[in-house]
Amino acid sequence: MNLTAGLNPAQKEAVTAPFGPVLILAGPGSGKTRVLTHRIAYLVSELNVFPFRIMSVTFTNKAAKEMRARVEKILGEDLRGILMGTFHSTCARILRRESADLARLGYSKDFVIFDSDDQRSVIKSALKELNLDDKRFQPSKMLNSISGAKDKMITPDFYEASDYMSTVIKRIYDQYQRTLVANNAMDFDDLLLNTVRLFDLVPEVLAKYQQQYQHILVDEFQDTNSVQYGLLTRLAGQHKNLFVVGDSDQSIYKWRGADFRNIQKFRDEYPSAKQILLEQNYRSTQLVLDAAMAVIEKNPERVHKQLFTDRSGGAQIVMREAYNENEEAEQIVRTVAGENRRGRRSYGDFAVMYRTNAQSRALEEAFIREGVPYKLIGATKFYGRREVRDIIAYLRVVHNLRDEVSLRRIINVPTRGIGAKTIEKLLAWGNQLDVQAGEAVIKLATDPTIALPFKGRALASLMRFGTMLNGWVRARDEITVGELVQRILDETNYKSYIDDGTDEGTDRWENVKELLGVAKDAGEIALTEFLENVALVADVDDLEGGSNSVTMLTLHASKGLEFPVVFITGLEEGIMPHSRSMTDAEEMAEERRLFYVGLTRAEDQLFLSHTLRRSLYGMSEMSTPSRFLGDIPSNLVEGGNKLSERHAAAQNRAWSWDQSATTQPKRATSSTYGSYGKRSDFAEKRAAQKAARGSWESQKSAMSQRDLPKPRHLSEDRDTPTVAAQYKSGQRVKHAKFGEGIVIESKITRNDEEVAIAFSEHGIKRLSASFAKLEVIG
DNA sequence: GGCTCATATTTTTTT
DNA sequence: AATATGAGCC
């Protein structure tokens with residue numbers, strides 16, 4: 001088998017690099033996934049590494065899964081000897097395996113993983129316990145500090161208390177960590193940290209894994225944090241076969257502790273490391289690359305890289321401006337529908353990207369309205385919904401009775417007469433008897449000899465709940481996760497609690513049923529594994545809409561993917577770059593890298609859009625085009641980069657819109673963009689789309705590309721105006737407020753005409769013809 | 001203890 | 001806009 005066929009010299013060199021530390025610096029689209037998969041295959045087959053003893057760490061579970069499939073395809077065999085996963089899942093696995101030694105850290109192997117929501121509630125109860133104000137010590141800030149400490153491997157005892165703030169944080173951190181251990185729970189950082197601690201505490205365990213994994217491969221190395229780095233160097237301590245692949249220009253997770261300087265650290269610590277550069281791009285046209293390079297070059301302290309491709313030329317970038325996010329979305333759907341209808345592209349060729357998840361809403365609505373199939377990656381977390389979290393909390397308590405956080409969540413949901421006072425009393429009582437959380441309720445319900453501090457209604461309720469919980473715990477190893485969920489739903493009468501007959505209630509119940517479906521699909525797997533998947537695998541939520549649908553995703557989620565046509569939306573100051581990054585130069589550099597990542601996802605064409613007005617937190621505000629747009633060379637943009645002109649125009653328009661808003665009735669958005677109503681309404685439409693997608697899937701063999709549902713009213717080509725121009729330059733007009741002026745430019749935008757007028761007394765204004773009352777006087 | 005209404009707060013990105 | 005928290009009342 002020739003594993004290097006079709007690879008360029010640099011790629012070949014990487015695949016066949018000698019054992020020892022290797023650093024691959026790979027530009028976007030340089031085939032690094034290919035290099036990784038071939039490297040693994042090479043290790044397995046050519047060098048007879050058997051049993052395989054290879055550990056490969058990628059960024060997402062999805063990526064790991066794909067990589068496994070690819071390697072298996074190359075080798076044509078089952079790869080049980082290779083561990084592939086994320087850092088987090090790898091660590092969870094190791095920790096559960098070493099449960100005997102894990103006890104030394106205070107955990108049993110049934111530990112649960114607390115996500116950010118759980119973390120928040122732990123912090124909150126810690127604040128309460130310590131009598132601290134959650135305004136002064138914001139839970140999110142506290143969590144950031146704690147996470148930062150954990151990344152530096154600082155335990156509460158060693159947290160430096162130099163001033164008042166840090167003294168308080170130290171106390172909160174201490175309390176937080178105690179709570180986690182008491183709950184037999186780990187947060188995401190703990191999974192990594194405890195693995196390293198375990199290795200340091202029990203050298204035999206480390207030695208075992210060093211022996212087991214002779215080769216370690218790491219993808220997206222620029223996004224590792226220092227604990228992950230520590231974990232790698234420990235694991236590779238003996239064989240030093242550490243093969244890392246990264247690109248500092250694509251480092252976009254600094255906020256999560258990632259530090260691309262790990263690349264330099266690696267160089268310093270392994271001076272003998274072989275270093276290979278992959279600069280040839282196989283994905284994009286030269287034009288796309290030129291744009292991306294022009295953007296990234298502006299970042300300070302950066303090593304210049306000359307990306308190149310065989311794909312010279314390429315379609316020019318389309319830069320578009322829309323009135324608001326709804327119009328922006330419509331422009332996109334029309335372009336997509338148009339290209340699809342002409343048979344030039346299929347829906348699956350398009351990706352629409354945005355900075356924040358909240359921006360997906362307007363896009364979804366537009367796609368639903370036009371009947372264009374899409375799939376949403378990430379988005380409003382399915383597992384973040386209240387009703388879903390409730391059920392998960394039930395499972396977690398059944399799985400780990402020490403989980404007080406989850407118990408508190410569900411002990412009175414559905415309401416069963418167990419209020420705050422009773423809960424506190426119950427837990428205090430349990431504490432005296434040295435039983436935790438769920439154990440206490442069960443003891444109360446099952447041990448007739450025990451003296452109880454409760455009576456009457458509270459006691460009856462607790463007994464009933466304890467009996468139920470006991471039943472589930474006893475059944476948990478006998479029945480499947482699906483059956484367990486079903487039982488919990490039945491016995492708690494959850495449906496009548498959540499489905500109150502309103503649209504929203506029905507919607508919630510649908511979500512519960514979806515979770516039930518996921519549980520049933522999980523089949524025979526253990527509860528532990530099920531809960532771990534829920535905690536660590538984020539992509540269960542992806543609305544898998546077959547291959548032939550438009551992908552919507554955040555810029556972060558786009559890393560590692562590629563699409564023929566990419567739309568990047570919301571390119572406005574405050575959104576992209578995000579307002580939270582404005583004050584810090586390093587964060588701004590990261591925003592730029594994020595934009596760079598988005599740009600380099602495109603194979604053939606880029607559409608970049610910004611709006612004049614954007615709704616945020618339910619308020620519509622004027623927006624200014626992103627500074628990043630200005631960095632795209634004019635010759636790469638269709639019709640030239642008009643950003644600076646637009647920038648000025650935006651300022652002017654901001655002014656005139658606000659003026660007209662006071663004198664004119666509000667623009668009829670409901671007729672122009674359709675009215676959207678409440679959440680449930682939207683959920684309904686989304687469900688309808690989902691159902692329709694199912695039928696598309698089933699019909700797709702019978703149906704050709706072009707027969708897909710025809711857009712209802714946007715069958716026009718993308719820039720066909722729907723209004724006719726009323727004004728032309730040179731005309732003299734009169735405005736109610738600004739007096740007389742001369743039209744210098746008239747431009748048709750969608751559904752409107754925009755007129756630039758030079759007023760004798762007020763200077764140049766850009767006005768909307770439908771708004772401004774203009775009288776032609778000559 | 002539980003429900004309803006009013007007010008505050010939020011959103012960056014994800015394992 | 002959508003959700004979380006808190007006060008007030010049954």
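Reminder, nothing fancy here: chain letters follow the sequence lines and each chain counts from 1. None of the values given here were measured: they were computed from a predicted structure.
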Novice: Please identify each residue that fulfils side chain to side chain contact (heavy atoms under 4.5 Å, CB included) with A/Glu562, with sequence neighbours left out.
Specialist: A/Arg283, A/Glu603
Novice: Is the phosphate of B/dT13 approached by A/Asn357 (side-chain N or O, under 4.0 Å from OP1 or OP2)?
Specialist: yes
Novice: Would you please name every residue forming a salt bridge (Lys or Arg N to Asp or Glu O under 4.0 Å) with A/Lys298, sequence neighbours left out?
Specialist: A/Asp631
Novice: Please indicate yes or no: is the ring centre of A/Trp255 less than 5.5 Å from the centre of the six-membered base ring of B/dT13, with the two planes inclined by under 30 degrees?
Specialist: yes
Novice: Rounded to whole Å, how long is the line connecting atom OH of A/Tyr253 with atom P of B/dT14?
Specialist: 6 Å
Novice: To the nearest Å, how far apart are A/Arg508 CZ and C/dA2 P?
Specialist: 12 Å
Novice: Can you check the A/Gln250 CD to B/dT13 C1' distance for me, whole Å?
Specialist: 16 Å
Novice: Nearest of B/dG1, B/dT11, B/dT15 to any side-chain atom of A/Ala358?
Specialist: B/dT11
Novice: Taking only residues two or more places apart in sequence, or in another chain, which ones meet A/Glu510 in a salt bridge (Lys or Arg N to Asp or Glu O under 4.0 Å)?
Specialist: A/Lys513
Novice: Verify the contact: side-chain N or O of A/Arg416 to OP1 or OP2 of B/dG2, cut-off strictly under 4.0 Å; return yes or no.
Specialist: no
Novice: Encode nucleotides 3-9 of chain B as B, S and - characters from 5' to 3', where the letter depends on protein heavy atoms closer than 4.0 Å: B to the base, S only to sugar-phosphate, - to neither.
Specialist: S-----S
Novice: Can you list everything that forms a side chain to side chain donor-acceptor pair (under 3.5 Å) with A/Tyr209? Sequence neighbours excluded, please.
Specialist: A/Glu98
Novice: If you only use heavy atoms from C-beta on, which nucleotide in B/dT13, B/dG1, B/dT15 is closest to the side chain of A/His556?
Specialist: B/dT13
Novice: Could you tell me whether A/Arg592 sits above the aromatic face of A/Phe628, with NZ or CZ closer than 6.0 angstrom to the six-membered ring centre and within 45 degrees of the axis?
Specialist: no
Novice: Among residues at least two apart in sequence or on other chains, which ones pass side chain to side chain donor-acceptor pair (under 3.5 Å) with A/Thr179?
Specialist: none
Novice: Would you classify A/Ser579 as touching base, sugar-phosphate or nothing, given that sugar-phosphate means primed atoms plus P, OP1 and OP2, and contacts are heavy atoms under 4.0 Å?
Specialist: nothing
Novice: Quick one: side chain to side chain donor-acceptor pair (under 3.5 Å) partners of A/Gln359, sequence neighbours excluded?
Specialist: A/Thr356
Novice: Mind checking the C1' distance from C/dA4 to B/dT13? Whole angstroms is fine.
Specialist: 22 Å
Novice: Whole angstrom is fine here: how far is it from CG in A/Asp187 over to P in B/dT14?
Specialist: 18 Å
Novice: Classify the side-chain pair A/Tyr229/A/Asp259 by whether it contains a donor and acceptor separated by less than 3.5 Å.
Specialist: no
Novice: Quick one: A/Leu462 CG to B/dG1 C1', roughly how many Å, whole number?
Specialist: 13 Å
Novice: Return no unless some side-chain N or O of A/Thr60 is found under 4.0 Å from OP1 or OP2 of B/dT15.
Specialist: no
Novice: Under 4.0 Å, heavy atoms only, any strand: does A/Ala458 hit a base, just the sugar-phosphate, or nothing?
Specialist: nothing
Novice: Taking only residues two or more places apart in sequence or in another chain, which ones pass salt bridge (Lys or Arg N to Asp or Glu O under 4.0 Å) with A/Arg97?
Specialist: none
Novice: Could you go over nucleotides 4-8 of chain C and give all protein N or O partners under 3.5 Å, atom names and distances?
Specialist:
from  : atom 1 : to       : atom 2 : distance (Å)
C/dT5 : OP1    : A/Lys124 : NZ     : 2.5

Novice: Indicate, with a heavy-atom threshold strictly under 4.0 Å, whether A/Glu587 touches base, sugar-phosphate, or nothing.
Specialist: base
Novice: Does any N or O in the side chain of A/Thr422 come within less than 3.5 Å of the main-chain N or O of A/Ile418, such that one atom is a donor and the other an acceptor?
Specialist: no
Novice: Could you tell me the separation between the CZ atom of A/Arg256 and the C1' atom of B/dT15, rounded to a whole number of Å?
Specialist: 5 Å
Novice: Output all residues satisfying side chain to side chain contact (heavy atoms under 4.5 Å, CB included) with A/Asp499, sequence neighbours left out; order by chain, then residue number.
Specialist: A/Lys495, A/Thr506, A/Trp509
Novice: Taking only residues two or more places apart in sequence or in another chain, which ones pass side chain to side chain donor-acceptor pair (under 3.5 Å) with A/Lys254?
Specialist: none
Novice: What verdict does the side-chain hydrogen bond (donor to acceptor under 3.5 Å, both in side chains) test give for A/Ser226 and A/Asp151, after you've listed the backbone C-alpha separation in whole Å, the side-chain angles of each residue and the deciding distance to 0.1 Å?
Specialist: CA-CA 6 Å; A/Ser226 62; A/Asp151 186 44; 3.3 Å; yes
Novice: Rounded off to whole Å, could you give me the CG-to-C1' distance for the A/Asn412 and B/dG2 pair?
Specialist: 9 Å
Novice: State which of B/dG1, C/dA2, B/dT15 makes the closest approach to the side chain of A/Arg361.
Specialist: C/dA2
Novice: What is the distance from NZ of A/Lys65 to C1' of B/dT15, rounded to the nearest Å?
Specialist: 16 Å
Novice: Using Watson-Crick pairs (N1 to N3, plus N6-O4 or O6-N4) and G-U wobble pairs, both distances under 3.5 Å, which stems of at least 3 pairs involve DNA chain C?
Specialist: B:1-10 with C:1-10
